[in-house]
Amino acid sequence: MTAWEENVLKVVPYVPGEQPKEKDIIKLNTNENPYPPSPKVDEVIRNFSVGNLRKYPDPEATDLVEALAQRYHMPKDQIFVGVGSDDVLAMSFLTFFHGKKPILFPDITYSFYDVWANEFEIPFETRALNENFEIKKEDYFCENGGIVIPNPNAPTGLACPVSELEEIVAKNPSSVVIIDEAYGDFNGESMLPLVDKYDNLLVTMTFSKSRSLAGSRIGFAFGSKKLISYLLDVKYSFNSYTMDSLTIQIGKASLEDEAYFRAKVNEVMETREWTKKELEKLGFSFPDSKTNFIFAKHESAKAEDIFEYLKSKKIYVRYFKRPRIDNYLRISIGTKEEMEALVAELKAYL
Ligand SMILES: *Cc1c(COP(=O)(O)O)cnc(C)c1O
């Protein structure tokens, strides 16, 4: 190691799912929405004047925050927006997990949490899900420096009842509890109504999955006025202009097309239920997904072998070589046609 390297922050980065360059593939590996965003988004992009790019964007992303305020019936000072919920979550870790006690999250969960904890030097401990991949609320009834739980959880796809998560929040008045609802739109139960009851609850959401806008990078969070104001202070001490002016308008347009949003979320959920039945017939089992993916294992075939076979047939799913889950495949829900092609290939293989 050279002398200056002693002073370098060394981190093991998060590894996202592959984004293959080939065109004719079926991509079911990163939980993207198979449908395009609302036509209203298309309109915004076509009518956007490049002259706008001369100026800095609105650091408060007012148009987007106002549209979120309307859609979710929340006051503007209880809303935070960022460049995807990854940005919102990273800023939240930095802001709220600044104590000395370890933060807590499940052992099987979104694999970015430990990366941020290491990067920001936040001590952490994981709490093991039970054998059915369920969260045991009692695991979180102890001293801690903060809690983060996705609901529904990823990559398991399982939702925890809001009443149990509420108990966790209520029992932890001295730490911030973050509920990551990246897949909340496919679940139907949200912690959002509780943010006015608990000033230590932050609920994060994203446009990446349910709104087909992973490429635009829009995430947001709801919390008490106090939480949001601490979060904004940290954000403005880091980089004020994180969301560009076109993206702010794209987000607003998406929120204004409620009918399209509902229709596409429903389509994904219908295809999910169809896929569950087909996978069961083929000998797969899985937790009952409330997301836009299914976390499945086969009764005899090895997940890694199925993964390699599907890849050779240009169907990409996600495989995690990690303890407890190395015999599972995480399969994103595509269009009905894509899922039919997947089922046909699985039949051929098995
Ligand atoms: C996808 C995902 C995110 C991040 O989404 P963004 O694209 O950054 O908005 C956060 N948490 C979970 C659990 C996810 O699956």
Side-chain angles (χ1 to χ4, degrees), residues 13-19 27-34 37 61 64 68 79-94 97 103 105-117 119 126 129 133 135 147-160 165 177-187 189-191 202-222 231 235 239 242-244 247-248 250-251 254-255 261 265 268 272 287 289-295 317-318 320 322 325 328-333:
Y14 170 76
V15 185
E18 265 181 279
Q19 295 289 353
K27 197 171 172 307
L28 308 174
N29 68 335
T30 53
N31 299 342
E32 289 144 336
N33 198 306
L64 177 61
L68 285 166
I79 304 172
F80 179 82
V81 296
V83 184
S85 53
D86 284 343
D87 178 42
V88 173
L89 287 162
M91 284 292 133
S92 304
F93 272 52
L94 197 55
F97 299 160
I103 64 162
F105 47 84
D107 63 335
I108 302 167
T109 196
Y110 187 38
S111 45
F112 224 137
Y113 298 156
D114 59 345
V115 173
W116 287 315
E119 174 163 28
T126 58
L129 301 178
F133 290 156
I135 285 162
I147 295 171
V148 55
I149 298 174
N151 197 46
N153 197 6
T156 64
L158 264 190
C160 178
L165 294 174
V177 179
I178 302 175
I179 303 297
D180 174 354
E181 293 190 359
Y183 302 100
D185 290 324
F186 303 102
N187 179 19
E189 235 197 343
S190 173
M191 292 289 280
L202 189 80
V203 180
T204 65
M205 301 182 184
T206 177
F207 282 55
S208 296
K209 280 96 185 204
S210 55
R211 291 188 178 272
S212 309
L213 283 166
S216 283
R217 314 303 302 126
I218 310 175
F220 54 110
F222 298 105
L231 204 41
K235 178 220 162 92
N239 178 357
T242 53
M243 300 191 80
D244 66 82
T247 298
I248 291 169
I250 286 175
S254 168
L255 289 164
F261 165 73
V265 165
V268 169
R272 175 185 75 199
S289 168
K290 298 290 180 196
T291 60
N292 65 338
F293 60 84
I294 298 172
F295 197 53
V317 299
R318 191 89 190 260
F320 300 95
R322 295 221 182 107
I325 57 169
Y328 282 82
L329 295 172
R330 195 194 66 187
I331 305 165
S332 308
I333 303 302

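Everything numeric in this text was worked out from a predicted model, so none of it was measured. Start at 1 and go down the list; that is how both ligands and their atoms are numbered.
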> With no hydrogens and no angle check, is any side-chain donor or acceptor of Arg211 less than 3.5 Å from a backbone partner on Pro37?
Replying inline: no
Distances under 3.5 Å, N/O of ligand 1 against N/O of the protein: list each pair and its distance.
unit_1	atom_1	unit_2	atom_2	d
ligand 1	5 (O)	Ser85	OG	3.2
ligand 1	7 (O)	Ser208	OG	2.6
ligand 1	7 (O)	Arg217	NH1	2.8
ligand 1	7 (O)	Arg217	NH2	3.4
ligand 1	8 (O)	Ser85	N	3.2
ligand 1	8 (O)	Asp86	N	2.9
ligand 1	8 (O)	Asp86	OD2	3.3
ligand 1	8 (O)	Arg217	NH2	2.7
ligand 1	9 (O)	Ser85	N	2.6
ligand 1	9 (O)	Ser85	OG	3.0
ligand 1	9 (O)	Thr206	OG1	2.5
ligand 1	9 (O)	Ser208	OG	3.3
ligand 1	11 (N)	Asp180	OD1	3.4
ligand 1	11 (N)	Asp180	OD2	2.6
ligand 1	15 (O)	Tyr183	OH	2.6
ligand 1	15 (O)	Lys209	NZ	3.0

>> Over 60° means perpendicular and under 30° means parallel, so tell me whether Phe220 and Phe222 are parallel, tilted or perpendicular.
In response: perpendicular
> Between Phe93 and Phe112, does the ring centroid distance fall short of 6.0 Å?
Replying inline: no
> When you check the side-chain N and O atoms of Thr247 and Asp244, is any donor under 3.5 Å from an acceptor?
Replying inline: yes
Under 3.5 Å, which donor-acceptor pairs do the side chains of residues 203-210 form with other protein atoms, sequence neighbours left out?
unit_1	atom_1	unit_2	atom_2	d
Thr206	OG1	Ser208	N	2.9
Thr206	OG1	Ser208	OG	3.1
Thr206	OG1	Ile218	O	3.4
Ser208	OG	Arg217	NH1	3.4
Lys209	NZ	Tyr183	OH	3.4
Ser210	OG	Asp185	OD2	2.5

>> Please check: side-chain N/O of Arg272 versus main-chain N/O of Thr291, any donor-acceptor pairing under 3.5 Å?
In response: yes
